[in-house]
Amino acid sequence: MNELSCKVLIIGGGPGGYVCAIKAGQLGLDAILVEAERIGGTCLNVGCIPSKALIHAAETFHGQTDEAALAAMGIAAAAPRLDYAKTVAWKDGIVSRLTTGVGGLLKKAGVRSLRGRAALVDGKTAVVAADTGQSRIRCEHLVIATGSEPATLPALSFGGDVISSTEALALRAPPRTLAVIGAGYIGLELGMAFAKLGVEVTVVEALGRVLPLYDAELTAPVARRLGDLGVKLYLNARAEGFAQGELRLTRGDGAELKLKADKVLVAVGRRPRTQGLESLDLAMSGPFLRIDERCATSMRNVWAIGDVTGEPMLAHRASAQGEMVAEIICGKKRAFDHVAIPAVTFTDPEVVSVGLSPEAARAKGEIRVAMFPFRASGRALTLQRDDGFVRVVARADNHVVLGVQAVGAGVSELSAAFALALEMGARLEDVAATIHAHPTLSEAFNEAAHAGLGHALHI
Ligand code: FAD
């Protein structure tokens, strides 16, 4: 057994763990990163990046088939052909470029990386079964960044044609028919992408609305687009089982239904990876590791970051926590006290939510809510996408912006401006007084702020 020691041992090389390791290295801390599978974790290998690559390829393909939209611009295109093996190779190339890059950054920061599964002996010791043999690693600080994995449904366990997002992103050919269980962001992002590639897609959702974490006004344009793409939607319906290519459903009214599906994508959420951590007997918060505002667990010098610590399970939250924990270990005074963590859904149209929704803000006091629709945006018209809007939520008394939501093609790129406004404590007057470049979708943010002050210019 190899005996190793370090100041900081990080378990898990996803966006939480690898960012923590790079930061620790940059701060001069002696760090070891252990990753059981592939550096980059869920996000780079089977999550954010490959899904966005597939979404972009699907959008590009579908754009060539939208004859009406092309004809309006005077374009007649030949029917496009899809070589899906090349699409997958292109997507895999992006993943490999990014993961190789992260490997290089770790090296540059002086981090020792070990490939293997870590089993924790106690809060200062882990045993890693690596290809090169077993290692025992002793550390002063332990950072748990083991992430999450797809949640299962008892009636639809993974295997065969019942797949998770991981297998959906690795298919060698698109199925003819696909049933997606769960109309959350992962199910809808992938379902819409496959629909654009010509797959017959059905979405089954137990609740009464798609993207149920957002409000109805925000998700209505996505529901409309699902219809335009020919996606069949069963709301208030439960998937009961799958056999011989048939998915059994029970609808809200009790009616039973059978649907043909070549593949069933179960996208009903993700659960934390806490296996192997039992020996530490850490305090839990439901299924997640309980942490405080410094990401400290219930054990001294044992820290936890990312999906294993709960919602929102997002890559940028994991990374921000990872960076902070490295700084705390280095002796800096830090706390995770961000005003907002932006959430983006890369559906068509995209959805952004930063800070408080109107409902959540109203529960805290008097508010103003104002929106600007993209149908009044010159830039949206030039992009042939005038569906959606930007909505601003502000305090009624002093106009401090509490939340910003948007739905529309390409609005993911507006999330940074929204988050910055919230972090800087901007008021409606600040956003309205900021000159936004013309013609851009971002003008809708400025216009919504004007509307909130009672004097929108372009509506
Ligand atoms: P992970 O990325 O899950 O990494 C944990 C790592 O720990 C894994 O590599 C695992 O192999 C390793 N590990 C676990 N146990 C051990 C052990 N005992 N020993 C050694 N290694 C171990 N988020 C966004 O912000 N934007 C998006 O657009 C987005 N899209 C997504 C799309 C899909 C299809 C999916 C599935 C997820 C998406 N996410 C997105 C979520 C995002 O991927 C996660 O929030 C993020 O990866 C969490 O990072 P993490 O570091 O906490 O964990």
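Numbers here simply count residues along the sequence, with the first being 1. The structure presented is a predicted model; accordingly, all values stated were derived computationally and were not measured. In each ligand, atom 1 is the first atom listed, and ligand 1 is the first ligand listed.
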Polar atom proximity, I11 to ligand 1 (N or O, under 3.5 Å): no

Per-residue contact class, Q275 against ligand 1 - non-hydrogen pairs under 4.0 Å: neither

With S113 via side chain to side chain donor-acceptor pair (under 3.5 Å) - residues at least two apart: none

Neighbour count above 12 (heavy atom, 6.0 Å) for R271 CZ: yes

CD/E311: more than 12 non-hydrogen atoms of other groups inside 6.0 Å: yes

N or O contact, C43 vs ligand 1, cut-off under 3.5 Å: yes

Cationic N near anionic O, under 4.0 Å, E167 to K263: no

Protein contact of atom 46 (C) of ligand 1 - nearest heavy atom, named by residue and atom, plus distance: P15 CG, 3.8 Å

Nitrogen or oxygen atoms of K52 and ligand 1 under 3.5 Å apart: yes

Nearest protein heavy atom with distance in Å, relative to atom 37 (C) of ligand 1: Y185 OH, 3.7 Å

Under 4.0 Å to a heavy atom of G306 - the qualifying atoms of ligand 1, by number: 52 (O)

E423, CD atom: more than 12 neighbouring heavy atoms under 6.0 Å: yes

Within-shell test, R270 vs ligand 1, heavy atom, strictly < 4.0 Å: yes

Identity and separation of the nearest protein heavy atom to atom 20 (C) of ligand 1: A36 N, 3.3 Å

For atom 4 (O) of ligand 1, the protein heavy atom that lies nearest, with its residue and separation: G14 CA, 3.5 Å

Atom 9 (O) of ligand 1: nearest protein contact (heavy atom, Å): E35 OE1, 2.7 Å

Residue portion contacting ligand 1 (non-hydrogen atoms closer than 4.0 Å) for T42: both

Candidate list R115, R117, R273, test salt bridge (charged side-chain N to carboxylate O under 4.0 Å, His left out), partner E37, passing option: R117

Backbone or side-chain N or O of M313 under 3.5 Å from ligand 1 N or O: yes

Residue and atom name of the nearest protein heavy atom (relative to atom 14 (C) of ligand 1), distance in Å to one decimal: T146 O, 3.4 Å

Side chain, backbone, both or neither: S148 near ligand 1, heavy atoms under 4.0 Å: backbone

Distance from atom 53 (O) of ligand 1 to nearest protein heavy atom, with residue and atom: G147 CA, 3.1 Å

Under-4.0 Å heavy-atom contact with ligand 1, by part of L190 that carries it: neither

Ion pair check, R270 and E149, cut-off under 4.0 Å: no

F418 and F445 aromatic ring geometry - parallel, tilted or perpendicular at 30°/60° bounds: perpendicular

Trace of the salt bridge (charged side-chain N to carboxylate O under 4.0 Å, His left out) decision for E189 with K52: CA-CA 9 Å; E189 285 185 8; K52 269 78 237 180; 2.9 Å; yes

Ligand 1 contact by R317, heavy-atom criterion under 4.0 angstrom: no

Where ligand 1 meets C48 - atom numbers and elements under 4.0 angstrom, heavy-atom basis: 23 (N), 24 (C), 26 (N), 27 (C), 28 (O), 29 (C), 30 (N), 31 (C), 32 (C), 38 (C), 39 (N), 40 (C), 42 (C), 43 (O)

Under 3.5 Å: donor-acceptor pair, side chain of T202, backbone of K232: no

Region of S165 that comes within reach of ligand 1 [heavy atoms, distance under 4.0 Å]: side chain

Check: S279 side chain, L120 main-chain N or O, donor-acceptor pair, under 3.5 Å: yes

Results of side chain to side chain contact (heavy atoms under 4.5 Å, CB included) for K7 - residues two or more places apart only: L29, D30, E140, H141, I329

Element-labelled atoms of ligand 1 that are located less than 4.0 Å from some non-hydrogen atom of G16: 51 (O)

Per-residue contact class, S51 against ligand 1 - non-hydrogen pairs under 4.0 Å: side chain

Among P150, A343, A118, closest by any non-hydrogen atom to atom 18 (N) of ligand 1: A118

Side-chain donor/acceptor of Q64 to backbone N/O of H62, under 3.5 Å: no

Option set G40, G12, S412, A145, criterion heavy-atom distance to atom 5 (C) of ligand 1, minimum: A145

Heavy atoms from other residues, nucleotides or ligands near CZ of R238 exceed 12 (cutoff 6.0 Å): no

Numbered atoms of ligand 1 (with element) below 4.0 Å of V34, judged on heavy atoms: 20 (C), 21 (N)

Nearest protein heavy atom with distance in Å, relative to atom 44 (C) of ligand 1: D307 OD2, 3.3 Å

Crowding at NE2, H56 (>12 non-hydrogen neighbours, <6.0 Å): no

Non-hydrogen atom of S319 closer than 4.0 Å to ligand 1: no

